[in-house]
Number of protein chains: 2
Amino acid sequence: MTKYEPDLDRTFFALADPTRRAIIGLLCAGPKTVSDLAEPFDIALPSLLKHVQLLEKAGIVTSEKRGRVRTCSVDTDALRATDRWLQAHITEWETRLERMEAHIQRMKENEQ
Amino acid sequence: MTKYEPDLDRTFFALADPTRRAIIGLLCAGPKTVSDLAEPFDIALPSLLKHVQLLEKAGIVTSEKRGRVRTCSVDTDALRATDRWLQAHITEWETRLERMEAHIQRMKENEQ
DNA sequence: TCAATACTTTCACATATGACTAAGTATGAG
DNA sequence: CTCATACTTAGTCATATGTGAAAGTATTGA
């Protein structure tokens, strides 16, 4: 089973909007209906739904329709993969700094 | 000294473009001039510069002009803070799942 | 059966974005 | 001093985005 590889364009873009990040925050506390999600926001329902759909396309949210109610949940696989990208680059930078510092230390010791 | 708190709108948006993520990848290997950065890409120099400037506004890149050459470096503070946001939400979700699983286990034990 | 509820779809609008070209500015090398 | 190099700025264009209102559809409860 391969590690989930998201479309990083989509996941980072989905996270670039404060309303969508707030939606994710709400869903981390547990599944919620579309109406639940809409309550804290002062935007029209079709606008909120558009955000939810963009989060679904990014793989961050899943939703299921039962009767007239659509319930949404967070799906952390995409968030994890996004996090892996960030971690890899932070680590690469830090590793390079550590190597440079060790090299400088060795040069100082050779100088004495 | 307070922990660096970036504008998450900007940092996630900066990361939502493949060209900008590639620029970050290049800079994680070490500082580079604008011309260095432009080489691997098939876009006009003003377009590449626009990307670099957006990364600077997001706090992910810093640059310094010396003579006619501008040298860019990565600055991982913004990447770290972005990562903290992701980690916090992944953790919140996982903590909630663990609690639910423990609760279900207890109910099963009480049933027997 | 009907009214209420919970979405869903469509269209419109203002703004932002990512690309381009062209021209300009500053610096360095010969 | 002149030419080459390395950016920088300005304007344009096509596309995308986030909001809204209006109307529609499906389901549920009385």
Side-chain angles (χ1 to χ4, degrees), chain A residues 6-27 30-75 78 82, chain B residues 6-27 30-75 78 82:
Chain A
D7 182 342
L8 287 174
D9 285 2
R10 282 182 167 177
T11 51
F12 277 122
F13 181 76
L15 294 162
D17 181 85
T19 302
R20 290 196 289 275
R21 289 199 306 276
I23 289 168
I24 294 167
L26 291 169
L27 291 177
K32 285 181 172 50
T33 68
V34 166
S35 301
D36 289 340
L37 290 175
E39 262 198 56
F41 302 100
D42 194 27
I43 64 175
L45 191 60
S47 305
L48 191 282
L49 250 178
K50 210 175 175 189
H51 283 299
V52 171
Q53 281 158 3
L54 199 148
L55 286 167
E56 276 195 280
K57 278 190 169 182
I60 294 169
V61 158
T62 59
S63 72
E64 186 187 19
K65 189 76 171 278
R66 283 186 179 177
R68 65 187 178 190
V69 174
R70 179 175 292 276
T71 304
C72 309
S73 296
V74 85
D75 188 336
T82 308
Chain B
D7 181 341
L8 288 174
D9 285 2
R10 282 181 167 176
T11 51
F12 279 121
F13 180 77
L15 294 164
D17 181 86
T19 302
R20 291 196 288 274
R21 289 200 304 277
I23 288 168
I24 294 167
L26 291 170
L27 290 177
K32 287 180 170 52
T33 67
V34 167
S35 302
D36 289 339
L37 290 175
E39 265 198 54
F41 302 100
D42 196 24
I43 64 174
L45 192 62
S47 305
L48 191 281
L49 249 179
K50 209 174 175 187
H51 282 299
V52 172
Q53 279 156 2
L54 200 147
L55 286 167
E56 276 195 280
K57 276 188 169 184
I60 294 168
V61 158
T62 58
S63 73
E64 186 188 18
K65 188 77 172 278
R66 282 185 180 179
R68 65 189 179 186
V69 174
R70 180 175 291 279
T71 304
C72 309
S73 296
V74 85
D75 188 337
T82 307

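In what follows, chains are A, B, ... by sequence order, proteins preceding strands, each numbered from 1.
For A/E39, there are no salt bridge (Lys or Arg N to Asp or Glu O under 4.0 Å) partners, not counting sequence neighbours. For B/P31, the side chain to side chain contact (heavy atoms under 4.5 Å, CB included) test picks out A/R96, B/T71, B/S73, with sequence neighbours left out. Residues passing the side chain to side chain contact (heavy atoms under 4.5 Å, CB included) test with B/A22, sequence neighbours excluded: B/F41. By the side chain to side chain contact (heavy atoms under 4.5 Å, CB included) test, B/K32 is found to be paired with B/L26, B/L27, B/A29, B/D36, B/L37, residues two or more places apart in sequence or in another chain being considered.
At a non-hydrogen distance threshold of 4.0 Å, B/L49 from residues 49-56 of chain B come into contact with DNA chain D.
In this entry the distance linking CG of B/L48 with C1' of C/dA19 reads 12 Å, nearest Å. The separation between B/L37 atom CG and D/dT8 atom P is 12 Å, rounded to whole Å. As rounded to whole Å, 16 Å separates atom P of D/dA6 from atom NZ of B/K32. The CG-P distance, from B/L45 to D/dA4, rounds to 18 Å in whole Å.
Within the nucleic acid shown, B/F41 has no heavy atom closer than 4.0 Å to any nucleic acid atom. Using a 4.0 Å heavy-atom cutoff across all strands shown, A/D42 reaches sugar-phosphate atoms only and no base atom. Among the heavy atoms of the strands lying under 4.0 Å from B/A44 is at least one base atom, whether or not backbone atoms are also near.
Pairs of residues two or more places apart, or lying in two chains, that qualify as side-chain hydrogen bond (donor to acceptor under 3.5 Å, both in side chains) and include a residue from residues 13-24 of chain B are A/D9-B/R21, B/R20-B/H51. Within the structure, every pair that satisfies the salt bridge (Lys or Arg N to Asp or Glu O under 4.0 Å) test and touches residues 60-71 of chain A, not counting sequence neighbours, is listed here: A/E64-A/R66.
Contact annotation: A/R70 side-chain N/O to D/dA26 OP1/OP2 distance is not under 4.0 Å. At the phosphate of C/dC20, OP1 or OP2 sits under 4.0 Å from a side-chain N or O atom of B/S47.
Counting heavy atoms from C-beta on, the side chains of B/V69 and B/V34 never come closer than 4.5 Å.
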- Mind running side-chain contact (heavy atoms from CB on, under 4.5 Å) on B/L15 and A/L8 for me, showing each step along the way? CA-CA 8 Å; B/L15 294 164; A/L8 287 174; over 6 Å; no

- Query: When every nucleotide of nucleotides 22-30 of chain C is labelled 5' to 3' by its protein contacts under 4.0 Å (heavy atoms), B for base, S for sugar-phosphate only, - for none, what sequence of letters results?
  - Reply: B----BB--

Which pairs of donor and acceptor atoms, one on a side chain in residues 53-61 of chain B, lie under 3.5 Å apart (sequence neighbours left out)?
from  : atom 1 : to    : atom 2 : distance (Å)
B/E56 : OE1    : B/S63 : OG     : 3.3
B/E56 : OE2    : B/S63 : N      : 3.4
B/E56 : OE2    : B/S63 : OG     : 2.9

